[in-house]
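Heads up, the thing below is written out as structure tokens.
These numbers come from the heavy atoms of this one structure, side chains and all, not from hydrogens, waters or symmetry mates. All chains are named by letter (A, B, ...) in the order of the sequence lines, taking the proteins before the strands, and each is independently numbered beginning at 1.
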There are 2 protein chains.
Amino acid sequence: MRDYYSITELTREFGISTRTLRFYEDEGLIKPVRRGRTRLYRPSDRHLVRQILRGRSIGFSIAEIREIIEVYKAPPGEIGQLKLMLARISEKQRDLRQKRRDLEDTLEELARAEEACVERLAELGVTT
Amino acid sequence: MRDYYSITELTREFGISTRTLRFYEDEGLIKPVRRGRTRLYRPSDRHLVRQILRGRSIGFSIAEIREIIEVYKAPPGEIGQLKLMLARISEKQRDLRQKRRDLEDTLEELARAEEACVERLAELGVTT
DNA sequence: TCGAAAATTGACTTTTACGTAAAAGCCGTG
DNA sequence: CACGGCTTTTACGTAAAAGTCAATTTTCGA
């Protein structure tokens with residue numbers, strides 16, 4: 001486990017641009033430490049980037065990703081805050097489960113389309 | 001099963017604007033029939049709208065949704081075309097399975113965050 | 001048949017999520 | 001020491017996906 005990663009190391013690892021990483025920083029999603037003016041990304045920053053990209057992949061906006069990240073942060077001390085956080089987590093879970101249903105439905109439609117193609121090919125005497 | 005739906009019926013059902021439906025039409029995603037200049041959406045158009053919104057929900061761009069819609073269409077007659085279509089279907093399935101993994105990972109992280117909150121509350125003597 | 005409500009087109013605007021370009025600082029190598 | 005490579009900030013640009021507004025039709029129910 002490395003101590004720090006440079007910005008280009010992360011861009012190469014994740015296939016994104018430096019602009020994207022700086023943008024996420026501007027948006028308050030990540031806060032790499034600095035040596036002088038140069039950004040140094042810790043393993044925890046790297047992990048956060050991975051999570052951000054996962055969120056992006058499944059169609060969350062930056063604002064929504066920010067909300068999810070808030071939730072990842074260490075739980076606060078106060079009871080009210082904890083309960084509020086639990087509520088927010090539940091909401092995000094609902095969002096994700098809905099997305100999962102949408103995803104499964106789309107996969108099923110694709111499977112049907114696939115089957116139709118295979119059948120049509122069979123009719124034409126082609127073995128897949 | 002109704003014959004036709006008006007544009008506002010669909011906007012209400014799906015919680016989108018008329019502009020959005022017309023935009024999808026401009027983009028060639030749906031082609032409702034017309035009575036005069038008025039759009040009439042068939043059940044198949046309605047179903048297509050549902051699919052479009054599902055695609056949008058899970059982070060596909062209009063261009064990607066268009067590709068998926070191409071795939072839904074009745075399989076063509078020619079063998080080469082059919083094989084090409086099968087290849088495109090496989091590609092979309094890969095995309096979706098990756099998204100599903102990202103989604104599951106995010107759900108797991110949320111479950112961990114939830115557990116941390118519950119434990120912290122338990123330490124404070126609060127029963128959830 | 002008349003008038004409100006709904007639908008149309010077209011143009012312009014907005015938001016999100018970066019891209020791109022300019023100008024300059026740091027740093028190891030030959 | 002200058003060179004290439006990586007990094008920085010600042011600033012403007014842009015594509016996608018609609019939102020908004022205006023000016024007209026069109027439709028439909030009383």
Side-chain angles (χ1 to χ4, degrees), chain A residues 2-42 45-46 48-70 95 99 102 106, chain B residues 2-42 45-46 48-70 95 99 102 106:
Chain A
R2 307 254 315 268
D3 274 5
Y4 297 113
Y5 303 85
S6 76
I7 195 166
T8 33
E9 280 177 322
L10 290 193
T11 64
R12 291 196 181 121
E13 174 170 3
F14 293 117
I16 56 179
S17 68
T18 58
R19 180 71 182 85
T20 299
L21 282 171
R22 293 192 191 106
F23 173 70
Y24 291 159
E25 187 173 342
D26 282 348
E27 292 294 313
L29 300 184
I30 41 179
K31 296 197 204 309
V33 296
R34 301 268 182 148
R35 182 178 50 208
R37 300 206 301 172
T38 305
R39 293 164 174 83
L40 296 176
Y41 295 83
R42 292 155 293 186
D45 295 315
R46 177 162 164 272
L48 204 43
V49 170
R50 196 194 306 282
Q51 291 180 166
I52 292 168
L53 295 179
R54 280 207 286 255
R56 184 179 74 165
S57 147
I58 54 185
F60 281 115
S61 70
I62 296 299
E64 290 169 316
I65 290 171
R66 199 192 339 264
E67 285 179 40
I68 294 176
I69 283 177
E70 290 293 312
D95 288 358
K99 273 186 198 296
D102 289 338
T106 306
Chain B
R2 307 253 316 267
D3 275 5
Y4 296 114
Y5 303 85
S6 75
I7 193 165
T8 34
E9 280 177 323
L10 291 193
T11 63
R12 290 197 182 119
E13 174 171 3
F14 293 116
I16 56 179
S17 68
T18 59
R19 181 71 185 84
T20 299
L21 282 172
R22 286 193 274 266
F23 174 69
Y24 291 158
E25 187 175 344
D26 283 348
E27 292 295 312
L29 300 184
I30 40 179
K31 296 197 203 311
V33 296
R34 302 269 181 146
R35 183 176 52 206
R37 297 207 301 173
T38 304
R39 292 164 175 83
L40 295 176
Y41 295 83
R42 292 155 293 187
D45 295 316
R46 176 162 165 271
L48 204 42
V49 170
R50 195 195 305 282
Q51 291 180 164
I52 293 168
L53 296 179
R54 279 208 286 255
R56 187 179 72 166
S57 148
I58 53 184
F60 281 115
S61 70
I62 296 298
E64 289 170 315
I65 291 171
R66 199 192 339 265
E67 285 180 40
I68 294 176
I69 283 177
E70 291 293 313
D95 288 358
K99 274 184 198 297
D102 289 337
T106 306

Exercise. Crowded around A/Arg35 CZ? As in, over 12 foreign heavy atoms under 6.0 Å?
Worked result: no
Problem set entry | Phosphate contact (D/dT27 OP1 or OP2) by B/Arg37 side-chain N/O below 4.0 Å | no
Exercise. So where does chain A start and stop touching DNA chain C, 5' to 3', when the test is distance under 4.0 Å to a non-hydrogen atom?
Worked result: C/dA17 to C/dT20
For this session: Please state how far atom CZ in B/Arg66 lies from atom P in D/dA17, giving the value in whole angstrom units.
Result: 9 Å
Exercise. Is there side-chain contact between A/Ser57 and A/Arg54, with at least one heavy-atom pair below 4.5 Å?
Worked result: no
Seminar exercise, completed: Distance col, row A/Asp95:CG vs B/Thr106:OG1, nearest 0.5 angstrom, shows 12.0 Å
For this session: Examine distances only and state if a side-chain atom of A/Arg66 and a backbone atom of A/Glu27 form a donor-acceptor pair shorter than 3.5 Å.
Result: yes
For this session: Could you tell me whether A/Arg34 and A/Glu25 make a salt bridge, using a distance below 4.0 angstrom between a side-chain N and a carboxylate O?
Result: yes
Exercise. Which of these, B/Leu29, B/Asp26, B/Thr11, sits in a side chain to side chain contact (heavy atoms under 4.5 Å, CB included) with B/Leu21?
Worked result: B/Thr11
For this session: Give B/Ser17 one of three labels, base, sugar-phosphate or nothing, depending on what nucleic acid heavy atoms sit under 4.0 Å from its own.
Result: sugar-phosphate
Exercise. Looking for any heavy atom pair under 4.0 Å, which part of the strands does B/Arg35 touch: base, sugar-phosphate only, or nothing?
Worked result: sugar-phosphate
For this session: Could you check whether A/Arg12 gets within reach of a base, just the sugar-phosphate, or nothing at all, counting any heavy atom under 4.0 Å?
Result: sugar-phosphate
For this session: Remember a base hit wins even if backbone is also touched, and classify B/Ile16 as base, sugar-phosphate or nothing at under 4.0 Å, heavy atoms.
Result: nothing
For this session: Could you check which of D/dA18, D/dC6, D/dT27 has an atom nearest any side-chain atom of B/Ile62?
Result: D/dA18
For this session: Check every strand shown and say whether B/Ser6 touches a base, only sugar-phosphate, or nothing at a heavy-atom separation below 4.0 Å.
Result: sugar-phosphate
Problem set entry | Full working for side-chain contact (heavy atoms from CB on, under 4.5 Å) between A/Ile30 and A/Arg39 | CA-CA 11 Å; A/Ile30 41 179; A/Arg39 293 164 174 83; over 6 Å; no
Exercise. So do B/Arg2 and B/Arg46 actually touch side chain to side chain, heavy atoms under 4.5 Å?
Worked result: no
Exercise. By a strict heavy-atom criterion of less than 4.0 Å, which residues belonging to residues 22-32 of chain A are in contact with DNA chain C?
Worked result: A/Phe23, A/Tyr24
Exercise. Are any of the side-chain nitrogens in B/Lys99 or B/Asp102 under 4.0 Å away from the carboxylate oxygens of its partner?
Worked result: no
